[in-house]
Enquirer: 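Take a look at this one; I'll ask things after.
What's counted below: heavy atoms across the whole structure, side chains too, no hydrogens, waters or symmetry copies.
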Amino acid sequence: MNISVCKFSILLVAISLLAACRQGLETIVPSVQTSVPAEYIDSLEGMYLLNQGNMGTNKSTLDYLDFAQGIYNKNIFASRNPHVVGELGDVGNDMELYGSKLYAVINCSNYVEVMNADNACHQTQITVPNGRNIICHGGYVYVSSYAGPVNLDPNARRGIVVKIDTVSMQIVDSCLVGYQPDGMGICAGKLYVANSGGYRVPNYDRTVSVIDLDTFEEIRQIDVALNLNDVETDRYGRVYVSSRGDYYNNHSKIYIIDSSVDMVTDSIDVSCADMTVLGDSLYIVDSEFNYAIGMKSASYAIYNVVNRNLDTDNFISDGTQYSISMAYAIAVNPVTHCIYITDAKDFVTPGMLYCYSPQGKLMWKVITGDIPACMAFLKR
């Protein structure tokens, strides 16, 4: 190709990129595209996947799965927002779709990236120091924050939860919680916050902070277990909180809180890196490593929240779970009930996304960005 043709091609690409944020998903050429089986779903357009990227490398990326076209678009944020310096930022920790916006918590960059839900085009950034997880409810976005530098410190301060108004895109309140708060769930008008104490190792926190959403004040702390992580809720008023344990003698486990009395009433003896509730099923994945014995164990379980027992301790029925190096995140399509599992592999190279049928058979897999961390479904 001669120089003039090259310049013309570059110009066409530039024009396409600049126009991308003014048009729909179908007009944008992402960095990489991979074909997967197409599937028209009446109520869903597709699914976003946020990749953490390695800390300090500024490699957080955003992928998009187009259900109808059967295309997995890798690393779309940079191509759709060529004017944003630094691209998506450093360590994409969590993400939520709410209303017309897509919110991504960019941990080490200390902000929440706000994008248009339908095309991932940049809208604004909201400063949140060391933000961790996000949940949306009642016109507000709630973000847990370690509220200090990224640093192991036995004297690390308590964290906070900030409350963001979705109209003004401003922080309107904050609430002091436990040490290094992570996952959150909303149940019975209360916000449940899992406090990990991860920076204070080996003196982990073991509490769940309960915040009254009307007053936005912490009304109590519930003693649960070491090093809490994820929170999910069901429609029966129960709150599920996972503990990472200490990676030695105290292994990972899930604890159940009754929101009517705010007490731990039961537990599920399954290790958990990530979990999600759909209907009456709690889906659980993990690749737990134990330093004491130098071994890793995997979990692919479904817990029935009505019967309060495991439907299965391995929902993968075709043996392909052995191809997954480090199960990291899970999502379940609310319409088709297909199960998506991310594999973080070695945490320094691109990961994988696996799509399983409701019967646990592998349908397809695709390469993602580094450390695929969470997923969110885009409605039509």
Side-chain angles (χ1 to χ4, degrees), residues 16-34 36 44-55 57-67 69 71-126 128 131-134 136 141 143 274 328-331 340-345 347 349-353 355 366-379:
S16 297
L17 292 176
L18 290 171
C21 288
R22 296 192 296 270
Q23 301 180 40
L25 290 164
E26 71 281 0
T27 65
I28 301 165
V29 181
S31 298
V32 178
Q33 291 186 333
T34 304
V36 300
L44 297 177
E45 290 275 3
M47 182 182 77
Y48 286 107
L49 186 150
L50 179 66
N51 301 287
Q52 285 185 353
N54 310 107
M55 185 179 296
T57 63
N58 205 57
K59 285 178 64 177
S60 177
T61 58
L62 185 67
D63 300 347
Y64 179 75
L65 169 60
D66 187 311
F67 288 137
Q69 294 190 35
I71 297 175
Y72 187 84
N73 304 280
K74 185 179 175 183
N75 191 17
I76 65 171
F77 184 84
S79 62
R80 299 183 186 190
N81 300 282
H83 57 289
V84 176
V85 178
E87 300 184 6
L88 194 53
D90 193 11
V91 186
N93 216 64
D94 198 14
M95 171 178 63
E96 282 284 336
L97 279 160
Y98 188 60
S100 62
K101 300 292 187 291
L102 174 63
Y103 300 87
V105 180
I106 313 299
N107 173 231
C108 292
S109 292
N110 300 303
Y111 56 70
V112 175
E113 172 69 34
V114 184
M115 297 163 271
N116 278 336
D118 61 350
N119 55 20
C121 288
H122 167 83
Q123 292 297 294
T124 189
Q125 291 175 351
I126 303 166
V128 177
R132 298 292 295 182
N133 286 268
I134 185 170
C136 308
V141 172
V143 181
D274 193 29
Y328 202 64
I330 185 168
Y340 300 90
I341 300 173
T342 71
D343 183 357
K345 293 191 174 290
F347 294 98
T349 56
M352 295 288 295
L353 173 65
C355 177
V366 68
I367 297 172
T368 67
D370 295 356
I371 317 178
C374 57
M375 293 157 276
F377 293 98
L378 178 64
K379 296 180 180 179

Enquirer: Among all residues two or more places apart in sequence or in another chain, which pass the side chain to side chain contact (heavy atoms under 4.5 Å, CB included) test with Asp370?
Expert: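 With neighbours one apart ignored, the set is Asn54, Lys59, Pro350.
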
Enquirer: Measure from the side-chain N and O atoms of Asp343 to the backbone N and O of Lys345, and report whether any donor-acceptor pair falls under 3.5 Å.
Expert: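 Answer holds: yes.
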
Enquirer: Which heavy atom of Asn58 sits nearest to which heavy atom of Gly86, and what is that distance?
Expert: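 Taking every non-hydrogen atom into account, ND2-O, 2.9 Å.
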
Enquirer: Could you pull out all residues at least two apart from Thr57 that satisfy side chain to side chain donor-acceptor pair (under 3.5 Å)?
Expert: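 Not a single residue meets the side chain to side chain donor-acceptor pair (under 3.5 Å) criterion with Thr57.
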
Enquirer: Of the non-hydrogen atoms in Met55 and Cys108, which two are nearest, and what is the gap between them?
Expert: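 In terms of heavy atoms, the two residues are closest at CG-SG, 3.8 Å.
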
Enquirer: How would you list, by chain and number, every residue that makes a side chain to side chain contact (heavy atoms under 4.5 Å, CB included) with Ala344, sequence neighbours excluded?
Expert: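 In terms of side chain to side chain contact (heavy atoms under 4.5 Å, CB included), with neighbours along the sequence ignored, Ala344 is linked to Met326, Tyr328, Phe347, Ile371.
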
Enquirer: With sequence neighbours left out, what residues match Val36 under side chain to side chain contact (heavy atoms under 4.5 Å, CB included)?
Expert: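 Only Leu65, Tyr72, Trp364 meet the side chain to side chain contact (heavy atoms under 4.5 Å, CB included) criterion with Val36.
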
Enquirer: Between Met115 and Gln123, is a side chain to side chain contact (heavy atoms under 4.5 Å, CB included) present by the stated rule, with each step listed?
Expert: CA-CA 5 Å; Met115 297 163 271; Gln123 292 297 294; 5.6 Å; no

Enquirer: Do the side chain of Asn73 and the main chain of Gln33 share a donor and acceptor less than 3.5 angstrom apart?
Expert: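 Looks like no, no N/O pair under 3.5 Å.
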
Enquirer: Evaluate whether atom CD1 of Ile126 has more than 12 neighbouring non-hydrogen atoms of other residues, nucleotides or ligands under 6.0 angstrom away.
Expert: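 Correct, the count exceeds 12.
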
Enquirer: What residues, two or more places apart in sequence or in another chain, satisfy side chain to side chain donor-acceptor pair (under 3.5 Å) together with Thr61?
Expert: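 Result, side chain to side chain donor-acceptor pair (under 3.5 Å) vs Thr61: Asn51.
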
Enquirer: Considering non-hydrogen atoms only, spot the tightest contact between Gly369 and Lys74 and give its length.
Expert: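 Here Gly369 and Lys74 meet closest at N-CE, 3.9 Å.
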
Enquirer: Kindly state each residue pair satisfying side chain to side chain donor-acceptor pair (under 3.5 Å) with at least one member in residues 90-113, sequence neighbours excluded.
Expert: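 Sorted pair list: Asn107-Asn130, Glu113-His122, Glu113-Gln125.
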
Enquirer: Is it the case that the side chain of Asp66 and the backbone of Ile71 share a donor-acceptor pair, with hydrogens and angles ignored and the cut-off at 3.5 Å?
Expert: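 Not at all, since once roles are kept as given, no pair shorter than 3.5 Å links the two residues.
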
